Amino acid sequence: SETYTNSSMIYRRSVMPGEAQDSSRTINTTATEGSLGDIICNESDIETPYDTIGLRFDDIPTLGGVARDATKSVGGVSEITAPLHYIPTPSISVPQEKNLTETTIKANSTPRANLLAGLKAADHPGQYVTAAEYLALGRKQIGPSGWETNKPLSLQLYSEGASLAYRTGDTNTMNVLLDDVLSRTDLTVMEKFRAYEIKIIARHSADQVQESFALGLDVLKQLGLPLLIDKSRSKVSVVIEYIKTKRALGKRTAKELASLPRLTDERIGMGLRISELLLSSCYQAQPTMFPLLVFQMVRATLKHGINISASEALVTYGILLCGAFHDPQRGREMAKAGELILETYEFKKSRATLGADGLIYHWTAPLQDTLLREGHHLCVEHVESRFIYTVEGLIYHWSKPLRDSLEPLHEGNLLGMKCGDIESAGFNLELYLARTYYSGCQLGGSAVTEFIDKHIEYQNIDGDDSQQVHITSELHIENYFLALKKLRGVEVQEDERDFDGILAVAKEIGNQSLHGNIYLIRLDLKVFFGEWEEAAEMLHSAGNVQDALFAKYSGVRWTILEALISIQATRFSKKMLTSWKWRQRAYAMLTSWKWRQRAYASVKRVRGWAKKKNPNILHNLHLLDAELASVEGKKKKAISHYRDAIVMAEKNGFLQDQALSSELASLYFDSIGDTRQMSIHRENAIRCYSEWGATAKVEQLQTRTTCAN
């Protein structure tokens, strides 16, 4: 089949008999329109365009975008369900409590047998609906009186039923079951823990960050654990807590940390798990509290022992070491400690365990090894997919080449899809595409087309067990598709969302990371196309997005672009100095000084990262030094750094940065009257942009060359 992409759609059509199959992949905007209808995903469909999550382009979601009777989508659709703005989710056949007589499964004789059958089916994402049906039968058999006759069994049937309802996108059933559990006064907070956990996860997945954060803090309070007050913190308080945590850890190696005793206090284990769930929402809802929450988790691990959340605590501490405290080597050690904990206790297999007594044990290291003998996934996300995204996306890029992360991210996506952790699978997939872009992979090359193929494969799941798509990941992916189209000179269709459309959704759902990435990719395009004045205006209007891009390579890229744009801004600010009006000249001098100070500050940050041996930015530092030298009139220094920037970018495979460095070098040689070197570097820029696949940029340079001649 042939694959075409546009920013909000993937279009696949079968190759007709007798028609040659082109092995090359190109970005196109072909789309067809038709009548609205039911969702059907058959491989035999001809000329059927699908969007990036597997729906036909002419389909619309049912109420809520998830299931027929759903009043609300876990993906948080709302006003964006308008034709030009919504991101739908696949149609799901959800078992309804009132129609159990129509089920296709073979009922077991007892509620417990149906529970066990459902948990075994939940080991396989393709059988989530079947698993939900078994648990629904169990709830029907045990009835409301089950809460008095067999409370533990009823609790599991309702709690695990809610988890499966979340996985299949049946938010109606999920909310009903969760309310049944959480409203009971005869249950302790520890008995309600599983229900609280599912509710926190569901709220966060729906981008209800504040609600998720507040609920988590309330659960910690009910557990009687030390509670952080929901308020912003000063840098001084963060540094003080960092010093305490650093001293508590001492010089322990990864092996020593992984050898700490296992956690035996279930209440503490539950508190660590809730804190783990709070990390993402805390960073968005109360960013200055985020490091304090991490420090608290690390010290609790050192005091009470290891459970599965200890791995997350140490890895997140490693993120802070890399991004905030400039210690990438120690950060890698924390990542290794997290990995060893997962491997040592086989935590990668599951976040929950089915004991020999038939009861389910969550989130704490089991008190006896016998409880590990009969493990089931229990519809709970594997740890490994999230772990890969975290270490590859936020830690390893500080000290290893970007391209080395492509294979692990691909594996992380596979693991997430296999076990049903759609959020982590989406994060890995989104980061994979970003890495292909920033590492200089060909825009139409195999790395990108393989990504597109796999995205179609996962979202065009046949049958009734289709899984929900994580809306934020889809928006990130759509953002990069738009960039690919811009570079390849493909126009955005009228019915497609542009960058402003994605930005509007980001603001609506309050996702700062998405907001920052949209501005980043737009700045990147402005730089590549030499639209420096517009880039400067955009940089100013974007405000501070560094916090939203914290610890990610995108944050590093933002700083590089900020420095480059600021240096260029000093150039066009100087043009106003020729004005005879003293006020305009004074303003120009002040503006030029501000841009230069901003440039120096950004270059200083990049230089600090380079001193820590970050292999992904050395060529960028040479380019920044070359641009600074050119502004300061230091000819020899400028030429030397331009040469080093080009050579190092080529050596490390950053094709797009090699092209940009060659282009800027050609402009510099033109400014000093060296037409021979100007021509050589311009031709080299055209060759590199062409190899990268930036057709529109190649046409721009060729047009400029023609006009100059």
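Model, not experiment: these values are computed from the prediction.
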Side chains of [X] and [Y]: does their closest heavy-atom pair fall under 4.5 Å?
X      : Y      : answer
Phe550 : Ile319 : yes
Pro291 : Phe295 : yes
Glu478 : Leu475 : yes
Ile388 : Asn413 : no
Ser473 : Phe427 : yes
Leu415 : Phe387 : no
Leu321 : Pro328 : no
Arg682 : Ile686 : yes

Practice problem: Using the salt bridge (Lys or Arg N to Asp or Glu O under 4.0 Å) rule, collect all pairs that involve residues 610-625, keeping only residues at least two apart or in two chains. | Solution: Arg607-Asp625

Quiz item: Applying salt bridge (Lys or Arg N to Asp or Glu O under 4.0 Å), which residue pairs with at least one partner in residues 517-530 are found, sequence neighbours left out?
Solution: Asp500-Arg522, Asp524-Arg557, Lys526-Glu531, Lys526-Glu534

Could I get the full list of side-chain hydrogen bond (donor to acceptor under 3.5 Å, both in side chains) partners for [X], not counting sequence neighbours?
X      : value
His619 : Asp657
Arg598 : Glu562
Ser630 : Arg571
Ser439 : none

Self-check item: Qualifying residues under ring pair (Phe, Tyr, Trp, His ring centres under 6.0 Å), relative to Phe499, sequence neighbours excluded
Solution: none

Practice problem: Identify, with sequence neighbours excluded, every residue that meets ring pair (Phe, Tyr, Trp, His ring centres under 6.0 Å) alongside Tyr600. | Solution: none

Shortest non-hydrogen contact between [X] and [Y], atoms and distance:
X      : Y      : value
Leu624 : Ile567 : O-CD1, 3.8 Å
Ser661 : Tyr642 : O-CD2, 4.3 Å
Gln656 : Gly440 : OE1-CA, 3.1 Å
Ala258 : Leu340 : CB-CB, 3.6 Å
Arg435 : Leu406 : CB-CD2, 3.6 Å
Ala335 : Tyr396 : CB-OH, 3.9 Å

[X] side chain to [Y] main-chain N or O, any donor-acceptor pair under 3.5 Å?
X      : Y      : result
Glu430 : His476 : no
His681 : Leu667 : no
Arg330 : Cys322 : no
Gln284 : Asn511 : no
Ser679 : Thr675 : no
Arg252 : Leu249 : yes
Asp670 : Met678 : no
Thr436 : Leu433 : yes
Asn684 : Ile680 : no
Thr559 : Gly555 : yes

Charged N to carboxylate O under 4.0 angstrom, [X] versus [Y]?
X      : Y      : result
Arg687 : Glu691 : yes
Lys485 : Glu496 : yes
Glu333 : Lys255 : no

Quiz prompt | Derivation and outcome, ring pair (Phe, Tyr, Trp, His ring centres under 6.0 Å), residues Phe528 and Trp692 | solution = CA-CA 12 Å; Phe528 280 126; Trp692 187 36; 5.2 Å; yes

Partner set under side-chain contact (heavy atoms from CB on, under 4.5 Å) for [X], not counting sequence neighbours:
X      : answer
Gln700 : Phe529, Lys697, Arg704
Ala310 : Thr301, Ile306, Asn307, Ile341
Asp674 : Phe669, Ile672, Arg676, Gln677

Can you give the donor-acceptor pairs under 3.5 Å from side chains of residues 513-521 to other protein atoms, not counting sequence neighbours?
unit_1, atom_1, unit_2, atom_2, d
Ser513, OG, Lys552, NZ, 2.6
Asn517, ND2, Ser513, O, 3.1

To the nearest 0.5 Å, how far apart are [atom1] in [X] and [atom2] in [Y]?
X      : Y      : atom1 : atom2 : result
Asn614 : Lys400 : CG    : NZ    : 12.5 Å
Met648 : Asn620 : CE    : CG    : 10.0 Å
Thr245 : Leu320 : OG1   : CG    : 9.5 Å
Leu621 : Trp609 : CG    : CH2   : 11.5 Å
Ser554 : Leu549 : OG    : CG    : 4.0 Å
His641 : Lys636 : NE2   : NZ    : 14.0 Å

Practice problem: Please test Phe654 against Leu402 for side-chain contact (heavy atoms from CB on, under 4.5 Å), starting from the C-alpha separation and ending with a verdict. | Solution: CA-CA 10 Å; Phe654 290 91; Leu402 290 181; 4.1 Å; yes

Exercise. Please report the C-alpha distance between Trp558 and Tyr553 in whole Å, then the side-chain angles of each, then the deciding distance to 0.1 Å, and finally whether the side-chain contact (heavy atoms from CB on, under 4.5 Å) criterion is met.
Key: CA-CA 9 Å; Trp558 177 274; Tyr553 176 76; over 6 Å; no

Quiz item: Is it true that atom CD of Glu407 has more than 12 heavy atoms of other residues, nucleotides or ligands lying nearer than 6.0 Å?
Solution: no

Quiz item: Can you list the steps and then say if Tyr317 with Lys246 is a side-chain contact (heavy atoms from CB on, under 4.5 Å)?
Solution: CA-CA 10 Å; Tyr317 180 67; Lys246 185 178 180 180; 4.0 Å; yes

Exercise. Quick one: do Gln568 and Glu627 satisfy side-chain contact (heavy atoms from CB on, under 4.5 Å)? Show the steps, please.
Key: CA-CA 8 Å; Gln568 293 291 335; Glu627 288 289 287; 2.5 Å; yes

